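Here is the structure we will look at, set down as structure tokens.
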Amino acid sequence: MKNLVKSLFLLFLTLPVLAQESVPAPENDAVRYVLEIPKGGLKNFLRWTPNRIPMISHHRGGPAPGYPENAIETMDNALKYGPGLMEIDVMQLKDGTLVLMHDDTLDRTTTGSGEAKKKNWEEIKELRLKDWNGLVTEFRVPTLKQALRWAKGRAILTLDIKRGTDFDKVVKEVVEAGAEDYTAAIAYTHQQALAFHTAAPDMPISISARDVSEIKAIEDSGIPSDRVIAWTGTRLLSPEHYMALHAKGWRVIVGTLGGRDTAIDKQIAASGKNARYLEIFAMGADIIATDRFWAVQQQIRNPNLFIFTKKMPSHALN
């Protein structure tokens, strides 16, 4: 019984907090707001400057009703609301294939079952993805290669590397796809960040910078400052802390996402005061990592900044 309760609790933590929230339709279904990074320009784009443009990071690619997490079609849908980063989960299957998947098992997000890492691509590729309400969609599990091809000229992928995934193999696929200007990595420890930097010296890395000790650890690691994106956690810190990170040229990511009652996204949704996101940007956030991309985009929408607008036909997804 205890194991069942624990399993249900862990499942709750993986579920989007806003599964019952309605998502407004985009203003124009034919338009995508894309980021076009010049060759070799990603580090400069991500470096903090006083005139930085507020941005968002779409947690698990921006799922919404009918659009499952970690799907190319879902990321494409999110770009109908505004530009940004796409945080995706990268898992390695038994045969070495790299796919986009968050959970250890297939049950919650696909029509399959069992442990994902024990499956080969042939067992995965025909599965259908489920959205956050459990609705089976027409979309399939994408490979990392497919996501990298899609991202170029559209959005920056921030890669959450799941346990047991060979990062060297990830880097090889990034290079082969020519997606270096559209890819960053997420590190959970400073030791992992250093390992990532050793494998991919030019790749930007999201690294925890929540207090003085973590800032010092980044500086002591030898990772160049222009490779660092400062992750400051899911609780708001002081404007002075964000200012200190800006002084080092680091963009600040604030996480409003999460499954707990204390998650900022959940609190804002309950209050109905979406303008709170603007206050977070004013405090010093440069990027908000959110489960409510449509709400944040509505707050930061500025027609003068949406200069990367393109009409993207549906056949251009792959």
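On a predicted model such as this, the values are computed, not experimentally measured, just so you know. This chain uses plain numbering: 1 for the first residue, then up along the sequence.
- At a threshold of 4.5 Å between non-hydrogen side-chain atoms, the residues L93 and N120 do not count as touching.
- Under the 4.5 Å side-chain heavy-atom criterion for Ile, Leu, Val, Met, Phe, Trp and Tyr, W121 and L100 are members of distinct hydrophobic clusters.
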| task | Verify side-chain contact (heavy atoms from CB on, under 4.5 Å) between K162 and H102, making sure each step is shown before the conclusion. | result | CA-CA 8 Å; K162 310 315 287 184; H102 176 274; 3.8 Å; yes
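- A ring-centre distance under 6.0 Å is found for F167 and F196.
- The closest donor-acceptor contact from the side chain of D131 to the backbone of P68 lies at 3.5 Å or more, if one exists at all.
- Among the candidates Q299, Q298, R292, the single residue satisfying the side-chain hydrogen bond (donor to acceptor under 3.5 Å, both in side chains) test with Y277 is R292.
- The shortest side-chain heavy-atom distance between E173 and L148 falls under the 4.5 Å cut-off.
- With respect to the salt-bridge test (charged N to carboxylate O, under 4.0 angstrom), the residues E279 and R276 qualify.
- Annotation for S57 and T158: closest pair OG-OG1, 4.3 Å, computed over non-hydrogen atoms.
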| request: Could you check D76 against R32 for salt bridge (Lys or Arg N to Asp or Glu O under 4.0 Å), going step by step and ending with a plain yes or no? | output: CA-CA 8 Å; D76 176 73; R32 309 293 187 274; 2.8 Å; yes
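- Remark: K145 NZ is loosely packed, at most 12 non-hydrogen atoms of other residues, nucleotides or ligands lying under 6.0 Å away.
- S271 and I268 get closest at one heavy-atom pair: OG-O, 2.9 Å.
- In this structure the side chain of W231 never reaches within 4.5 angstrom of the side chain of I207, judged on heavy atoms.
- We find that E36 and K152 are not joined by a salt bridge, their nearest charged nitrogen and carboxylate oxygen being 4.0 Å or further apart.
- For the pair R251 and F45, the cation-pi criterion (under 6.0 Å, within 45° of the ring axis) is fulfilled.
- Taking the charged nitrogens against the carboxylate oxygens, E87 and R60 have no contact shorter than 4.0 Å, which rules out a salt bridge.
- Residues I205 and I186 fail the side-chain proximity criterion, which asks for heavy atoms closer than 4.5 Å.
- Put simply, CE on M101 and NZ on K119 are 10.5 Å apart, with the number rounded to the nearest 0.5 Å.
- Proximity of H190 to S221: side-chain heavy atoms (C-beta onward) are nowhere separated by under 4.5 Å.
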| query | Passes side-chain contact (heavy atoms from CB on, under 4.5 Å), I264 versus L236? Steps please. | reply | CA-CA 9 Å; I264 298 171; L236 294 178; 3.8 Å; yes
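- Nearest heavy atoms, H241 versus A209: NE2-O, 2.8 Å.
- W294 and V34 fall within the same hydrophobic cluster, defined by Ile, Leu, Val, Met, Phe, Trp and Tyr side-chain heavy atoms under 4.5 Å apart, directly or through other members.
- A distance-only check finds no donor-acceptor pair linking the side chain of H58 to the backbone of I88 [under 3.5 Å].
- When atom types are taken as modelled, the side chain of T183 and the backbone of E180 share no donor-acceptor pair closer than 3.5 angstrom.
- Going from atom NE2 of H197 over to atom CG of D202 covers 8.5 Å, rounded to the nearest 0.5 Å.
- Here the side chain of Q192 pairs a donor or acceptor atom with the backbone of Y188 at under 3.5 angstrom.
- Looking at every heavy atom in both residues, A285 comes nearest to V254 through CB-CG2, 3.6 Å.
- Ion pairing between R52 and D286 holds under the 4.0 Å rule for side-chain N and carboxylate O.
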| message | Could you walk me through whether I287 and M55 satisfy the side-chain contact (heavy atoms from CB on, under 4.5 Å) test, starting with their C-alpha distance in whole Å, then the side-chain angles of each, then the deciding distance to 0.1 Å, before giving a yes or no? | response | CA-CA 5 Å; I287 303 167; M55 295 184 64; 4.3 Å; yes
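- Hydrophobic cluster membership differs between L127 and L98, with clusters built from Ile, Leu, Val, Met, Phe, Trp and Tyr side chains linked at under 4.5 angstrom.
- Note: Q92 CD to I161 CD1 = 10.0 Å, rounded to the nearest 0.5 Å.
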| request: For the pair M283 and L237, evaluate side-chain contact (heavy atoms from CB on, under 4.5 Å) and give the outcome as yes or no after the intermediate values. | output: CA-CA 9 Å; M283 289 178 65; L237 305 179; over 6 Å; no
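- Residues P65 and W132 are in side-chain contact: their nearest non-hydrogen atoms beyond the backbone lie under 4.5 Å apart.
- Rounding to the nearest 0.5 Å places CG of L144 at 11.0 Å from OG1 of T97.
- Within the 4.5 Å cutoff, the side chain of I72 has heavy atoms near those of the P142 side chain.
- Heavy atoms of other residues, nucleotides or ligands lying less than 6.0 angstrom from CD of Q191 number 12 at most.
- L278 is connected to F293 through a chain of hydrophobic side-chain contacts under 4.5 Å among Ile, Leu, Val, Met, Phe, Trp and Tyr, so both are in one cluster.
- R235 places no side-chain N or O within donor-acceptor distance of the main-chain N or O of T232, the cut-off being under 3.5 Å.
- Checked by atom type and distance alone, the side chain of E214 pairs as donor or acceptor with a backbone atom of R210 at under 3.5 Å.
- Checked by atom type and distance alone, the side chain of R227 pairs as donor or acceptor with a backbone atom of P201 at under 3.5 Å.
- Remark: side-chain polar atoms of Q297 are paired, donor with acceptor, to backbone N or O of P83 under 3.5 angstrom.
- The existence of a salt bridge linking K80 and E27 is excluded, since no basic side-chain nitrogen approaches an acidic carboxylate oxygen closer than 4.0 Å.
- When atom types are taken as modelled, the side chain of K130 and the backbone of D107 share a donor-acceptor pair closer than 3.5 angstrom.
- The side-chain heavy atoms of L157 and M75, taken from C-beta on, include a pair separated by under 4.5 Å.
- The nearest pair of heavy atoms linking L129 to R140 is CD1-O, 3.3 Å.
- The CG atom of D291 sits 7.0 Å away from atom OG1 of T256, with the distance rounded to the nearest 0.5 Å.
- In this structure, CG on D29 lies 7.5 Å from CG on N77, to the nearest 0.5 angstrom.
- Here the side chain of T109 pairs no donor or acceptor atom with the backbone of D103 at under 3.5 angstrom.
- Under the 4.5 Å side-chain heavy-atom criterion for ILVMFWY residues, a single connected hydrophobic cluster contains both Y81 and F281.
- Of all heavy-atom pairs between I229 and A184, the closest is CD1-CB, 4.3 Å.
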